[in-house]
Structure formats: structure tokens, C-alpha cells
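Along the sequence shown, residues are numbered consecutively beginning with 1.
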Amino acid sequence: MTARIVVAGASMGGLRAAEQLRAAGWTGAITVVGDEPHMPYNRPPLSKEVLAGKAPFESLALTPKPAAADVEWRLGTGVRAARLAERTVALDDGSTLPYDGLVVATGMRPRRLRCPGPLTGRHTVRTLADAQGLRGELIRPGVRVVVVGAGFIGCEVAATAVGLGVREVTVVDPLPLPLAGPLGELLGRALLKRHEERGVRFALGTGVAGFDGDERVTGVVLGDGTVLPADVVVEAVGSVANVEWLEGNGLDLTDGVLTDEQLRVGGRPEVVAVGDVARFPNARYDGVPRRVEHWSIPTDTAKHAAKVLAGAALPPFAPLPTFWSDQHEFRLQSFGAPALGLGDVRVLAGDPDGDVLIGYHSGGQLVGVVALGGHTAAMSAARYRAQLLKQPALTA
């Protein structure tokens, strides 16, 4: 029987895992399983270019490298269960796949609000279908949009909606500033000012208690009793890891799937995890296992995990997380782990009212940089990448 590696998940992490397995020398069969009908595609443009009508699906599609041309793709059916001791996975279509190696790449799904009220008119942005459905709502004349959640997705959607000429856009969040959780107060204030100057309204320091309307949402009821009129609601309140199919195998699934420093799952050399479903210790920092939902992580984890699955002996995994976020005409560009340095935030260059570069420190050591502004600001952040790569590891 031909040896087989099953990749559970057909997003970018699954594609990169298949490609990297071939690059690592795996010559056996590779089967990638995914519940969406599409081949892998780039998700960051969904809340921006796709929602704005500036990018067709074809521009998002990710083409497998030639070395992975023989990979089998089982699309339109997800993984339902796994029996790690028996080395099999069961699919939603009723079939069972035996494996010699397993890559967990099932990613995330949007968290939904559990509030009373109608469901129609409430949207999330995770898949191509999500973005297409929401765009159809936003281009209707005179709509009022409430975005719940002032994180990256929420701020991007709000900026895109304003750019489309939406009549009224309001962002709701229990925190006092947008993106205050991952980026801190200094950048939060700068972002709030920029969004408000471009027409986005905010209701901060309050949550959502429910939704008005009979069959369709007509308003958002805040925790203080205020009702915001709404024709469209976008829920951008975080993500939930797709790990239910791994239950019953004695794994730690409390926040994604826990791995060791080599991305191995449950102490099994034949099972690895990649992408934002993986909760791994980063040897570059304090060794505390964390999930990282950045664009760079699927490729970084896939490259390391594929080599491990192929039998290579490697030093502990130590990626440098990287992300960007385009909002209106400005960009946030980050390298490193700003969230680990929120207690010591410094302006490295520029001014928060213009282009600015912010440094995040832990124990006096630079652990992350974030630039806000135009191309020049983004390039200034990139110049710190080499410095961050050379930094000694933080102590736990």
C-alpha cells in the first residue's frame, strides 16, 4: 500500500503543507481535504478588495507549485472525526481515509454573538461566500451598517463600507479604543481619530445585548440600552478553532490544538499542526504556547512541520510573526509580537498624527514594531526585521 499523508484543511495552510512536504522529500501520496468547494485562496482581501468589488475570485486563487501537482484534493467535504491511535480520519461524505502522517490545518471559523433577535441581516467575513453575500448588502442604497468588533476585520470592513459610500457605519466594541487589545492605547487613539475623520462612527466601552426586528435585523441593542438603527450587521468578534473533529483523542483543545516546540500534536511524531489552529510555543519569545492568526504563519508553520513529518531533526520552531492591515488609504505593518510588549510602548519615529513607528518592549528588549501610515512608514518597520530576528529569546 502506498504511504499517505492526509492534510485536514484546504486553505493556505493546507496548500503550503502539501507543497512543503514535497520540498522536504516526501514522495508518497498526499490527500488534502477541505469543506469549501474552492481550491485554496488568499483570505486577507475578502474584507477589503473583494468587499469593495475591486478583486475577482480569480485574483485570490493560490496556484499549487509544480512539485505538488500530483496532490489529491478532496473538496466540498470536511473532516468529521479522527482516530489517532488507528491513524484514520472520517469525512463528512461518509468515507474514511487511513494515513501514515496527518497535518491538522482546519483553521478557524468566526465567533458568533449569542444574543436574542433575528439572524437575517447578520454577517461574518471569513469565506468568499461571506464576502460576496455582504457586498450585495452594502451596495444597496441607503443602508445603515453596524460592525460589532473593533479589531482588524471590524476596522477593515468599516473602512471598506465607508469607501463604498454606505450611508452610516458604526463600530461597537466593549474596549475603549479600536485595536487596543493587540496594539495598545497609543495606536488605538491614532486609529480612532483617523477612522472618525473619514466618517466611521464608534460606540465604544459597551457590548451588544440583542437585536431588534422580526424576521430581519432593524437595530442593535447595546448594553446600556441604546438602540442603533441597522440594516446590516457585521459580527467581527473573534474566531473559534475548528478542532471538534479531534475530540476523543486525549488532546489539549482548549484554544486550538496544542503542539510541542516542533509542531507535533499529542506527542505523536506522525501528527503535526499548521496555521492559526496550532497553539505552539515560540522559542523566539517566552515559550508560552499561543495561537497566531497572522498571514505569515501558515507558510512558516507548514515549512517547519513538513520537515518534522519527513523525519528531519530541527531546532525548536521560532518564527517572526508578520502582519499588515489596510484601512482606508493607510496601512498597519507589523513585525514581531507587539502584544508581548504592551507594558512598554514607545514612539520610535514620526508622530501618531501622521506616519508613525511604534516599538513594543518586554524587559527593555524590543519584541515588536508597528508602523501606521503610508508606504514610507511600512518600509521603516521592515528595517527593524533583522534586529528582531537577532534578539535573544525572552525568558519565561
Euclidean distance, Ile153 CD1 relative to Ser239 OG, rounded to 0.5 Å: 8.0 Å
Residue pair Gly149 / Val171: nearest heavy atoms and the distance that separates them: O-CG1, 3.8 Å
Heavy-atom side-chain proximity of Cys155 to His195 below 4.5 angstrom: yes
Selection residues 37-46 - residue pairs positive for salt bridge (Lys or Arg N to Asp or Glu O under 4.0 Å), sequence neighbours left out: Glu36-Arg43
Could you pull out every donor-acceptor pair under 3.5 Å between side chains of residues 364-384 and any protein atom, sequence neighbours left out?
unit_1: Gln365; atom_1: NE2; unit_2: Pro392; atom_2: O; d: 2.8
unit_1: Ser380; atom_1: OG; unit_2: Ala377; atom_2: O; d: 2.5

Polar side-chain atom of Thr160 near backbone of Ala52 as donor-acceptor pair, under 3.5 Å: no
Shortest non-hydrogen separation from Ala17 to Ala306 and the atoms involved: O-CB, 4.3 Å
Same apolar cluster: Leu394 and Leu389, side chain cutoff 4.5 Å: yes
Met108-Leu128 co-clustered via ILVMFWY side chain contacts under 4.5 Å: no
Check: Gly275 main-chain N/O paired with Thr301 side-chain donor or acceptor under 3.5 Å: yes
Val217: hydrophobic cluster co-members (side-chain, 4.5 Å): Leu113, Val146, Val148, Val172, Val208, Phe211, Val220, Leu222, Leu228, Val233, Val237
All pairs passing ring-ring contact (aromatic ring centres under 6.0 Å, His included) where residues 53-72 contributes a residue, at least two apart: His38-Phe57, Tyr41-Phe57
Residue pairs fulfilling ring-ring contact (aromatic ring centres under 6.0 Å, His included) with at least one residue in residues 136-192, sequence neighbours excluded: Phe152-Phe323
Distance (rounded to the nearest 0.5 Å) between Thr88 OG1 and Arg83 CZ: 6.0 Å
Hydrophobic cluster identity match, Leu138 and Val200, side-chain contacts under 4.5 Å: yes
Neighbour count above 12 (heavy atom, 6.0 Å) for Glu215 CD: no
Return all side-chain donor-acceptor pairs below 3.5 angstrom for residues 173-184, not counting sequence neighbours, or 'none' if the list is empty.
unit_1: Asp173; atom_1: OD1; unit_2: Leu175; atom_2: N; d: 2.8
unit_1: Asp173; atom_1: OD2; unit_2: Ala150; atom_2: N; d: 2.7

Remaining members of hydrophobic cluster (4.5 Å side-chain criterion), Trp26: Ile5, Val7, Met12, Leu15, Leu21, Ile30, Val32, Met39, Leu62, Val71, Trp73, Leu75, Val103, Val272, Val274, Trp295, Val308, Leu309, Leu314, Trp324
Residue pairs, two or more places apart or on separate chains, that pass salt bridge (Lys or Arg N to Asp or Glu O under 4.0 Å) and touch residues 349-366: Lys193-Asp353
Stepwise salt bridge (charged side-chain N to carboxylate O under 4.0 Å, His left out) test for Arg126 and Asp276: CA-CA 13 Å; Arg126 177 69 182 182; Asp276 48 12; 3.7 Å; yes
Pairs involving residues 294-304, ordered by first then second residue, that meet salt bridge (Lys or Arg N to Asp or Glu O under 4.0 Å) (sequence neighbours left out): none
With Glu58 via salt bridge (charged side-chain N to carboxylate O under 4.0 Å, His left out) - residues at least two apart: none
Closest non-hydrogen atom pair, Pro281 against Gly287: CB-O, 3.1 Å
Distance in Å, Thr120 OG1 paired with Glu137 CD, rounded so as to fall on 0.5 Å steps: 9.0 Å
Smallest separation among heavy atoms of His294 and Pro321, with atom names: CD2-CB, 3.5 Å
Salt bridge (Lys or Arg N to Asp or Glu O under 4.0 Å) contacts in which one or both residues fall within residues 12-24, not counting sequence neighbours: Arg16-Glu19, Arg22-Asp70
Closest non-hydrogen atom pair, Pro269 against Gly267: CD-O, 3.6 Å
Taking every non-hydrogen atom, the tightest pair across Val143 and Val166: O-CG1, 3.4 Å
Note, Arg87 side chain near Glu270 side chain (heavy atom, < 4.5 Å): yes
Stepwise side chain to side chain contact (heavy atoms under 4.5 Å, CB included) test for Arg346 and Asp344: CA-CA 7 Å; Arg346 312 173 196 173; Asp344 186 358; 2.8 Å; yes
Side chain Thr299, main chain Ser296, donor-acceptor under 3.5 Å: no
Criterion side chain to side chain contact (heavy atoms under 4.5 Å, CB included) on Arg198 and Phe330, from CA distance to verdict: CA-CA 12 Å; Arg198 290 157 178 81; Phe330 57 83; 4.3 Å; yes
Arg385 CZ: over 12 foreign heavy atoms closer than 6.0 Å: no
Apart from Leu91 itself, residues in the same hydrophobic cluster as defined by side-chain heavy atoms under 4.5 Å: Val6, Val33, Val79, Leu84, Val89, Leu97, Tyr99, Leu102, Val104, Val243, Trp245, Leu246, Leu251, Leu253, Val257, Val265, Val271, Val277
Same cluster (ILVMFWY, side-chain, under 4.5 Å), Val169 and Val125: yes
Backbone of Gly76 reached by a side-chain donor or acceptor of Asp35 within 3.5 Å: no
Note, Leu134 side chain near Asp130 side chain (heavy atom, < 4.5 Å): no
Residue Arg140 excluded, over 12 heavy atoms near CZ under 6.0 Å: yes
In one Ile/Leu/Val/Met/Phe/Trp/Tyr side-chain cluster, 4.5 Å: Leu204, Leu191: no
Side chain to side chain, Gln333 and Thr322, heavy atoms closer than 4.5 Å: yes
Close side-chain approach of Phe280 to Pro319, heavy-atom, < 4.5 Å: yes
Check: Arg135 side chain, Leu51 main-chain N or O, donor-acceptor pair, under 3.5 Å: yes
Candidate pair Arg279 and Asp252, rule side chain to side chain contact (heavy atoms under 4.5 Å, CB included), full reasoning: CA-CA 10 Å; Arg279 177 162 53 97; Asp252 184 340; 2.8 Å; yes
Arg4 and Thr31: CA distance, side-chain angles, deciding distance, side chain to side chain contact (heavy atoms under 4.5 Å, CB included) verdict: CA-CA 7 Å; Arg4 177 194 304 271; Thr31 300; 2.5 Å; yes
Rounded distance [0.5 Å steps], CG in Leu342 versus CG in Leu186: 11.5 Å
Arg112 side, atom CZ; Thr124 side, atom OG1 - distance, nearest 0.5 Å: 5.0 Å
Single hit among Arg122, Arg111, His123 for side-chain hydrogen bond (donor to acceptor under 3.5 Å, both in side chains) with Glu235: Arg122
Atom pair CZ (Arg144) and CG (Asp231), whose distance is rounded to the nearest 0.5 Å: 4.5 Å
